[in-house]
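Convention: sequence-line order gives letters A, B, ...; per-chain numbering from 1.
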There are 2 protein chains.
Amino acid sequence: MENKSETCQPTCSVDYAFRRIGGKYKGRILWYLHEHKTLRYGALKRILCDVTTKMLTQTLRELETDNLINRKVYHEVPPKVEYSLTETGRELIPFIEYLRQWGDRQIEKENKNSQTYQL
Amino acid sequence: MENKSETCQPTCSVDYAFRRIGGKYKGRILWYLHEHKTLRYGALKRILCDVTTKMLTQTLRELETDNLINRKVYHEVPPKVEYSLTETGRELIPFIEYLRQWGDRQIEKENKNSQTYQL
DNA sequence: CTGCATCCTAATGGATACTG
DNA sequence: CAGTATCCATTAGGATGCAG
C-alpha cells in the first residue's frame with residue numbers, strides 16, 4: 001500500500017520531453033510550422049516578432065538536432081531556407097494544440113476576473 | 001492566399017501556457033502529484049531527488065500562485081504540509097500524459113540506435 | 001536573405017547554513 | 001518537518017556588427 005515507488009526517479013520521460021520543447025520559443029515555432037506547413041527563416045522571425053537572429057538560429061538548430069524540424073536550403077541568390085515539421089515533430093502537435101486551448105481558457109478567466117474587480 | 005496571418009503575434013496562448021509549466025521541475029511535480037494524489041514536501045523532495053529546498057519551495061509557490069496546486073498545512077509538531085492538484089492543474093494531466101508517452105518512445109528510439117551502432 | 005561572432009545582462013538554478 | 005536566507009555558478013537570452 002502507498003507504494004507507488006516514492007523513490008528517486010532520475011531519468012524521467014516527462015523531464016526528457018520538457019527539455020526538448022522548453023525554452024522561450026520552441027513551442028511557438030512548432031505551432032506556427034504546423035499552421036503554415038512550411039516557413040522561411042524571415043517569415044518565422046516576423047511572426048515571433050520579439051526574437052533576435054541569434055536566438056532564432058540557435059533554437060532552430062536545436063530543434064533540427066532533436067529531429068523535430070526539417071531544414072531545406074535552396075541554393076539561390078539571395079538564399080532561401082524553408083523549415084517544416086518532421087514526423088516526430090508532428091507527433092507533438094496534438095499536445096501543443098491541447099495546451100493552446102488550455103492557455104486560451106486561462107487567459108479568458110483572468111480577463112473576467114480583472115473586469116469583475118474593475119466594476 | 002497564403003494568408004494565414006504571417007504577422008507578429010505578441011500574446012500567444014501557447015507561449016502563455018509554456019511559461020506556466022516551464023522550468024526544470026514543474027512538469028514532473030504536476031505528474032507526480034497526479035500519480036500519488038497527494039504528496040508531502042519531503043516526499044516530493046525524495047522523488048525529484050536532485051532538487052534543492054530552495055528550488056522546490058520556489059517552484060511550489062509559483063504553481064500555487066498560478067492556481068495549479070493546493071497547499072494544505074497541518075498545524076502539528078512536527079509540521080506537515082500536503083500538496084495536491086487543483087481542478088485547473090488536473091486539466092493539464094492528459095497533455096502531460098501524452099508528452100510522457102512521446103518521451104518514452106523517443107528514449108526507446110535512442111537506445112535502439114546506440115545499440116545498432118555498438119554492434 | 002540567412003545567418004555567424006562577440007560581448008554583455010538577466011534569469012535560473014545550486015550550495016550551504018540556519019530556524020520555528 | 002518544512003521551510004528561509006545568503007551568496008555564488010551557470011545558463012539563457014539580448015544587442016550589435018559583419019558576411020556569404
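Atom CG in Leu56(A) sits roughly 17 Å away from atom C1' in dA5(C) (whole-Å rounding). In this structure, Lys72(A) atom NZ and dC1(C) atom C1' are separated by 18 Å, rounded to whole Å. Computed from coordinates, the Lys45(A) NZ to dA15(D) C1' distance equals 11 Å when rounded to whole Å. Residue His75(A) contributes atom NE2, which lies 11 Å from atom P of dG3(C) at whole-angstrom precision. We find that CD of Glu64(A) is positioned 15 Å from P of dT2(C), with the value rounded to whole Å. Between the CG atom of Leu39(A) and the C1' atom of dC1(C) there is a distance of 15 Å, given to the nearest Å. The nearest whole Å value for the distance from the CZ atom in Arg19(B) to the C1' atom in dG13(D) is 15 Å. The distance from atom CG of Leu44(B) to atom P of dC1(D) is 14 Å, rounded to the nearest whole Å.
Dashed line: the shortest gap from a side-chain N or O of Arg61(B) to OP1 or OP2 of dT4(D) is under 4.0 Å. In this structure, Arg71(B) reaches the dG3(D) phosphate: one of its side-chain N or O atoms is under 4.0 Å from OP1 or OP2. The phosphate of dA2(D) (OP1 or OP2) has a side-chain N or O of Arg40(B) nearer than 4.0 angstrom.
Looking only at side-chain heavy atoms (C-beta outward), Ile29(A) and Leu63(A) come within less than 4.5 Å of each other. You'll find the side chain of Ile47(A) reaches within 4.5 Å of the side chain of Leu39(A), heavy atoms only. By the 4.5 Å heavy-atom criterion applied to side chains, Pro94(B) and Tyr98(A) are counted as neighbours. Two residues are said to be in side-chain contact when any heavy atoms from C-beta on lie closer than 4.5 Å; Leu99(B) and Leu92(A) meet this criterion.
When the shell of 6.0 Å around CD of Gln101(B) is examined, it contains more than 12 heavy atoms from other residues, nucleotides or ligands.
Salt bridge annotation for Glu62(A)-Lys26(A): present, with a cationic side-chain nitrogen under 4.0 angstrom from a carboxylate oxygen. Glu108(B) and Arg105(B) are not joined by a salt bridge, as no carboxylate oxygen comes within less than 4.0 angstrom of a charged side-chain nitrogen.
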Checklist line | Per-nucleotide protein contact string for nucleotides 14-20 of chain C, where B marks a base within reach and S marks sugar-phosphate only (heavy atoms under 4.0 Å, - for neither) | finding: BB----B
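Screening residues 41-52 of chain A for side-chain hydrogen bond (donor to acceptor under 3.5 Å, both in side chains) gives Tyr41(A)-Thr57(A), Arg46(A)-Glu6(B) as the qualifying pairs, with residues at least two apart or on separate chains.
Using a 30° and 60° split on the angle between ring planes, His34(B) and Trp31(B) fall in the tilted class, from 30° to 60°.
Two end axes, each from the C1' atoms of five base pairs, can be drawn for the helix from dC1(C)-dG20(D) to dG20(C)-dC1(D); they diverge by 60°, to 10 degrees.
The residue Tyr83(B) sits close only to the backbone: its heavy atoms come under 4.0 Å of sugar-phosphate atoms, none of a base.
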